[in-house]
Colleague: 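Submitted below is the structure of interest, expressed as structure tokens.
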Amino acid sequence: MAENSIRSMILREARNLMPDIYSMKVVSVKPLEMVTSGDAPIHVTDESLIVPSRLRSQLTIGAYFYALSIQDTNTYYVLDAE
């Protein structure tokens, strides 16, 4: 595929717009703090987390959750437990 074809340009832009999903571990409950798994961990505090009420009772230290990074913000939406 040609590097400057319309299709390749659309695919490149679509990749840039796709949200990232992270695996996150709860490291503190009060105040809530989670850290991403991987080479460069990102520490995320309660102010940057959106946690559905159905998951609040599952937030225990050491629990893993999937979180969606909301684009162009430092906000993460917790999707579900791993």
Side-chain angles (χ1 to χ4, degrees):
M1 167 175 36
E3 210 31 58
N4 34 344
S5 70
I6 292 175
R7 181 176 186 271
S8 66
M9 290 177 359
I10 291 171
L11 288 174
R12 186 171 45 247
E13 283 304 309
R15 270 187 240 110
N16 290 339
L17 296 174
M18 292 298 293
D20 292 322
I21 296 178
Y22 293 95
S23 173
M24 301 183 90
K25 179 180 178 181
V26 177
V27 293
S28 173
V29 177
K30 291 191 181 200
L32 180 59
E33 182 180 355
M34 299 175 87
V35 64
T36 60
S37 303
D39 296 337
I42 302 168
H43 288 266
V44 184
T45 59
D46 197 25
E47 297 86 31
S48 298
L49 288 165
I50 300 170
V51 182
S53 58
R54 66 180 174 78
L55 296 176
R56 285 280 175 185
S57 63
Q58 298 177 36
L59 294 174
T60 57
I61 294 175
Y64 282 87
F65 291 86
Y66 292 112
L68 178 72
S69 172
I70 299 174
Q71 192 169 35
D72 296 331
T73 67
N74 291 326
T75 306
Y76 297 82
Y77 182 85
V78 179
L79 298 169
D80 212 345
E82 266 191 32

Colleague: Can you tell me which residue pairs pass the salt bridge (charged side-chain N to carboxylate O under 4.0 Å, His left out) test with a partner in residues 47-60, sequence neighbours excluded?
Modeller: Arg54-Asp80

Colleague: Do the side chain of Ser48 and the main chain of Asn74 share a donor and acceptor less than 3.5 angstrom apart?
Modeller: yes

Colleague: Sequence neighbours left out, what pairs pass ring pair (Phe, Tyr, Trp, His ring centres under 6.0 Å) with at least one residue falling in residues 29-61?
Modeller: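 Listed once each, the pairs would be none.
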
Colleague: Is Met34 reachable from Val51 through a run of I, L, V, M, F, W or Y residues, each pair having side-chain heavy atoms under 4.5 Å apart?
Modeller: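 Yes, it is one cluster - the side chains of Val51 and Met34 are joined through contacts under 4.5 Å.
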
Colleague: Looking at side-chain heavy atoms only, is the closest gap between Val78 and Ile50 below 4.5 Å?
Modeller: no

Colleague: Compile the donor-acceptor pairs under 3.5 Å between side chains in residues 23-32 and protein atoms, sequence neighbours left out, one pair per line.
Modeller:
from	atom 1	to	atom 2	distance (Å)
Ser23	OG	Glu82	OE2	2.2
Ser28	OG	Pro31	O	2.7

Colleague: Check step by step if side-chain hydrogen bond (donor to acceptor under 3.5 Å, both in side chains) holds for Ser8 and Ser5.
Modeller: CA-CA 5 Å; Ser8 66; Ser5 70; 3.2 Å; yes

Colleague: Which other residues belong to the hydrophobic cluster containing Ile10, where Ile, Leu, Val, Met, Phe, Trp and Tyr are joined when side-chain heavy atoms lie under 4.5 Å apart, directly or via other members?
Modeller: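 Listed partners: Ile6.
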
Colleague: Run Leu79 and Ile21 through side chain to side chain contact (heavy atoms under 4.5 Å, CB included) and show every step you take.
Modeller: CA-CA 9 Å; Leu79 298 169; Ile21 296 178; 4.2 Å; yes

Colleague: What pairs of residues pass the ring pair (Phe, Tyr, Trp, His ring centres under 6.0 Å) test when at least one of them lies in residues 45-76, not counting sequence neighbours?
Modeller: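 As it turns out, the ring pair (Phe, Tyr, Trp, His ring centres under 6.0 Å) pairs with a partner in residues 45-76, which skip direct neighbours, are Tyr22-Tyr76.
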
Colleague: Could you state whether Val44 and Leu59 fall into the same hydrophobic cluster, counting links through intermediate Ile, Leu, Val, Met, Phe, Trp or Tyr residues with side-chain heavy atoms under 4.5 angstrom apart?
Modeller: yes

